[in-house]
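Read the structure below first, then the notes.
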2 protein chains.
Amino acid sequence: MTSTEHGARPAVRPTRQRLAVAAALAGFDDFRSAQEIHDLISRQGDSVGLATVYRTLAALADAGEVDMLRNEDGEAIWRSCSDTHHHHLVCRTCGATVEVEGPAVERWTNAIASEHGFAEISHTLEIFGTCPACR
Amino acid sequence: MTSTEHGARPAVRPTRQRLAVAAALAGFDDFRSAQEIHDLISRQGDSVGLATVYRTLAALADAGEVDMLRNEDGEAIWRSCSDTHHHHLVCRTCGATVEVEGPAVERWTNAIASEHGFAEISHTLEIFGTCPACR
DNA sequence: GATCGGTTTGACAACGGTTCTCAACTACCG
DNA sequence: CGGTAGTTGAGAACCGTTGTCAAACCGATC
């Protein structure tokens with residue numbers, strides 16, 4: 001068991017299912033719900049259980065390889081992302097997404113939070129609007 | 001049914017139930033889930049159906065008299081609010097809330113958006129953390 | 001290959017928040 | 001009062017999500 005170095009690493013296996021989810025994620029660049037991703041996989045001929053899709057997405061989000069956020073209905077939606085912390089500019093008509101970074105915002109949220117004595121800070125910041133193409 | 005014509009106003013009645021919800025909202029200043037508000041009303045002796053609480057909260061949010069946002073689980077949480085645009089610093093354990101304003105953030109989001117040609121901008125920004133009391 | 005132990009999977013049940021349904025009720029107007 | 005349209009509540013329905021657990025699978029080892 002010590003074969004894989006100074007582990008405690010759960011040894012994630014590249015199973016057919018996980019590859020299918022990864023492939024599906026690579027196939028679009030806007031945010032999709034878990035069920036949409038599940039449908040997409042089925043439509044590509046693969047068959048992966050819904051629970052597995054959820055588990056895999058959660059694991060990927062944990063690992064920082066996908067972004068998860070919630071739409072206005074509170075549903076979780078996902079997309080693959082670059083590995084730096086960033087926010088999104090989302091078109092409320094067509095769903096087109098732009099990743100944006102804002103060091104200033106990060107600094108501001110941390111400052112505000114510690115000013116009020118809050119710890120273990122996280123934050124959500126999404127910008128919605130109408131993109132040039134949809135106007 | 002065309003009696004109230006040019007108003008299209010649904011004629012909101014100040015029923016016992018709606019007053020109870022309003023009273024409950026006045027009784028706390030952090031974010032609470034609909035069910036917590038429902039419990040709170042019951043505990044005050046009033047009896048209002050859960051569905052009615054949901055309906056009333058939705059109506060109040062529509063009218064801009066309460067803020068509704070979603071916690072990290074996607075659950076809707078509510079509180080009465082001041083009428084200026086602001087954001088929230090929310091304790092993820094006890095729900096304590098601080099309203100914060102950030103002119104810098106407003107400016108930043110508008111700049112980013114127009115830089116990408118987006119119009120009709122709106123944004124959401126919430127900060128979650130653990131408040132001093134809950135640590 | 002055959003074997004073995006832990007990982008992963010999938011069908012399905014369970015769950016929890018939210019919305020829907022619809023008959024009973026109530027506020028308001030005349 | 002009586003009529004009428006808005007409102008309510010109990011419970012079912014809904015739907016996204018998570019838990020369950022036996023079977024399948026992977027990879028390392030005999």
Side-chain angles (χ1 to χ4, degrees), chain A residues 1-5 7-24 31-42 44-63 66-79, chain B residues 1-24 31-42 44-63 66 68-79 92 95:
Chain A
M1 50 160 140
T2 11
S3 58
T4 44
E5 191 50 34
R9 198 160 340 145
V12 176
R13 294 181 193 160
T15 62
R16 178 181 64 76
Q17 290 84 345
R18 298 214 244 250
L19 293 173
V21 172
F31 281 88
R32 305 285 178 93
S33 72
Q35 318 229 18
E36 284 172 333
I37 293 170
H38 177 251
D39 290 352
L40 217 146
I41 293 170
S42 313
Q44 289 177 345
D46 264 316
S47 166
V48 177
L50 183 55
T52 300
V53 172
Y54 273 104
R55 277 187 293 243
T56 304
L57 287 173
L60 288 172
D62 246 31
V66 302
D67 280 335
M68 184 266 258
L69 60 88
R70 301 211 174 251
N71 66 17
E72 299 234 314
D73 294 336
E75 238 183 302
I77 50 180
W78 322 69
R79 62 167 276 186
Chain B
M1 56 160 83
T2 11
S3 61
T4 44
E5 199 35 46
H6 65 320
R9 201 165 334 145
V12 177
R13 294 183 193 158
T15 61
R16 178 182 63 78
Q17 290 85 344
R18 298 213 245 249
L19 293 173
V21 172
F31 280 90
R32 305 286 178 94
S33 71
Q35 320 228 17
E36 284 172 332
I37 293 171
H38 177 251
D39 289 352
L40 217 146
I41 293 171
S42 314
Q44 288 176 344
D46 265 316
S47 166
V48 176
L50 182 56
T52 300
V53 173
Y54 273 104
R55 278 187 294 241
T56 304
L57 287 172
L60 288 173
D62 246 30
V66 303
M68 185 267 259
L69 60 87
R70 304 216 171 245
N71 65 17
E72 296 190 337
D73 294 335
E75 236 183 304
I77 50 181
W78 323 68
R79 62 167 275 185
R92 67 166 74 80

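Note that this is a predicted model, so its numbers are computed, not measured. The chains referred to below are lettered A, B, ... by the order of the sequence lines, with proteins before strands, and numbering in each begins at 1.
Between the CD atom of Q35(B) and the C1' atom of dT18(C) there is a distance of 8 Å, given to the nearest Å. Here dC15(C) presents its C1' atom at 13 Å from CD of E75(B), a figure rounded to the nearest Å. Atom CG in L19(A) sits roughly 16 Å away from atom P in dC25(D) (whole-Å rounding). Here dG16(D) presents its C1' atom at 11 Å from CG of N71(A), a figure rounded to the nearest Å. Residue D62(A) contributes atom CG, which lies 15 Å from atom C1' of dT18(D) at whole-angstrom precision. One can place OH of Y54(A) at 13 Å from P of dG19(D), the figure rounded to the nearest angstrom. Following rounding to the nearest Å, L57(B) (CG) and dG17(C) (C1') show an atom-to-atom distance of 13 Å. Residue M68(B) contributes atom CE, which lies 8 Å from atom P of dT19(C) at whole-angstrom precision.
Atom CG of residue D39(B) and atom CZ of residue R32(B) lie 10.5 Å apart, to the nearest 0.5 angstrom.
Considering only residues two or more places apart in sequence or on other chains, S33(A) meets the side-chain contact (heavy atoms from CB on, under 4.5 Å) condition with Q35(A), E36(A), E75(A), I77(A). Shown here are the side-chain contact (heavy atoms from CB on, under 4.5 Å) partners of T52(B), two or more places apart in sequence or in another chain: Q17(B), V48(B), R55(B), T56(B). Residues forming a side-chain contact (heavy atoms from CB on, under 4.5 Å) with R70(A) (at least two apart in sequence, or on another chain): M68(A), A76(A). In terms of the salt bridge (Lys or Arg N to Asp or Glu O under 4.0 Å) criterion, residue partners of E72(B) (sequence neighbours excluded) are, by chain and number, R92(B).
Each of P14(B) and I77(B) was assigned the nucleotide of DNA chain C with the nearest heavy atom; the assignment lying further toward the 5' end belongs to I77(B).
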For nucleotides 4-6 of chain C, which of its nitrogen or oxygen atoms have a protein nitrogen or oxygen under 3.5 Å away, and what is each distance?
unit_1, atom_1, unit_2, atom_2, d
dG6(C), N2, R13(A), NH1, 3.2
dG6(C), N2, R13(A), NH2, 3.4

Under 3.5 Å, which N/O atoms of the protein pair with N/O atoms of nucleotides 9-13 of chain D?
unit_1, atom_1, unit_2, atom_2, d
dG9(D), OP1, Q17(B), NE2, 3.2
dG9(D), OP1, S47(B), O, 3.4
dG9(D), OP2, G49(B), N, 2.9
dG9(D), OP2, T52(B), OG1, 2.7
dG9(D), N7, R55(B), NH2, 2.9

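Counting only heavy atoms from C-beta on, T15(B) has its side chain closest to dT7(D) among dG16(D), dT7(D), dT8(C). Distances from the side chain of A34(A) to the nucleotides dT9(C), dT18(C), dT17(D) place dT17(D) closest.
By the 4.5 Å heavy-atom criterion applied to side chains, F31(A) and D67(A) are counted as neighbours.
Shortest non-hydrogen contact noted between W78(B) and A61(B) is CZ3-CB, 4.0 Å. Annotation for A20(A) and D46(A): closest pair CB-OD2, 3.7 Å, computed over non-hydrogen atoms. Across V66(A) and L57(A), no two heavy atoms sit closer than the pair CG2-O, 3.9 Å.
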